[in-house]
Amino acid sequence: MNQLRQVTFRRAPLFGGDVSRVFDHFFGSDIAAPTTSAESAWAPRVDIREEAGRFLILADVPGVDLADIEIQMDKNVLSIKGERKAFTSEAEGKFSRVERVAGAFKRSFTLPESADADGITASGRHGVLEIAIPKKAESAPRRIAINAAG
């Protein structure tokens, strides 16, 4: 007796954005789609710390000339712009692997109202840019006297 069986196939679920996250986790974010010219190819990593009298931003900018970094403050938004030049020395041979990203970058940070924009200072050494943002002096509450007429 010849019996026919009906076999059904189910489609595997699609992963969507999860697949790209898995690749990014194992291989780094370099596999992501190329960025447009309006986007940064890379951005320096930063640490932001609040101290008693100031905020401190430490940005890793190895290979970037500090004189070429532009820092601006506009409406409580601090922007850091710069560029790391690509290495193009053919005289010493060709690279067999290139992992360091070159190109322009821009980072922006919204500062709290307590930040004093007029007192911001910046310095750098050993590939770390340090931006110090002092806090405004806090106004103490004051008691207002009531004048009684009459």
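Values in this document were obtained by computation on a predicted structure and should not be read as measured data.
Note that CG of Leu56 is 5.0 Å distant from CZ of Arg49, once rounded to the nearest 0.5 Å. To the nearest 0.5 Å, the span separating CD1 on Ile133 from CD on Glu51 amounts to 11.0 Å. Taking CG from Leu129 and CG from Leu58, the interatomic distance works out to 8.5 Å, rounded to the nearest 0.5 Å. Distance check, rounded to the nearest 0.5 Å: CD1 of Ile48 to CD1 of Ile131 gives 9.5 Å. Expressed to the nearest 0.5 Å, how far NZ of Lys106 lies from CD of Glu70 amounts to 9.0 Å. Ser108 contributes atom OG, which lies 8.0 Å from atom CG of Leu78 (distance to the nearest 0.5 angstrom).
Counting heavy atoms from C-beta outward, Asn76 and Glu113 have side chains that approach closer than 4.5 Å. Side-chain atoms of Met73 and Ile120, non-hydrogen and from C-beta on, do get closer than 4.5 Å to each other. Using a 4.5 Å heavy-atom threshold, the side chains of Val61 and Ile80 count as separate. Two residues are said to be in side-chain contact when any heavy atoms from C-beta on lie closer than 4.5 Å; Asp47 and Ile57 fail this criterion. In this structure the side chain of Ser123 never reaches within 4.5 angstrom of the side chain of Arg125, judged on heavy atoms.
The minimum heavy-atom distance linking Phe55 with Pro112 is given by the pair CZ-CG, 3.3 Å. Across all their heavy atoms, Arg107 and Pro44 have their closest contact at NH1-O, 2.6 Å. Looking at every heavy atom in both residues, Pro134 comes nearest to Ala132 through CD-O, 3.7 Å.
Using a 4.0 Å cut-off between a side-chain N of Lys or Arg and a carboxylate O of Asp or Glu, Lys135 and Glu50 qualify as a salt bridge.
In this structure, the side chain of Trp42 does not engage the main chain of Phe105 through any donor-acceptor pair within 3.5 Å. Of the possible donor and acceptor atoms, one in the side chain of Arg84 sits under 3.5 Å from a partner among the backbone N and O of Pro62.
Note on Val128 and Val101: separate hydrophobic clusters, where clusters join Ile, Leu, Val, Met, Phe, Trp and Tyr whose side-chain heavy atoms are under 4.5 Å apart, directly or indirectly.
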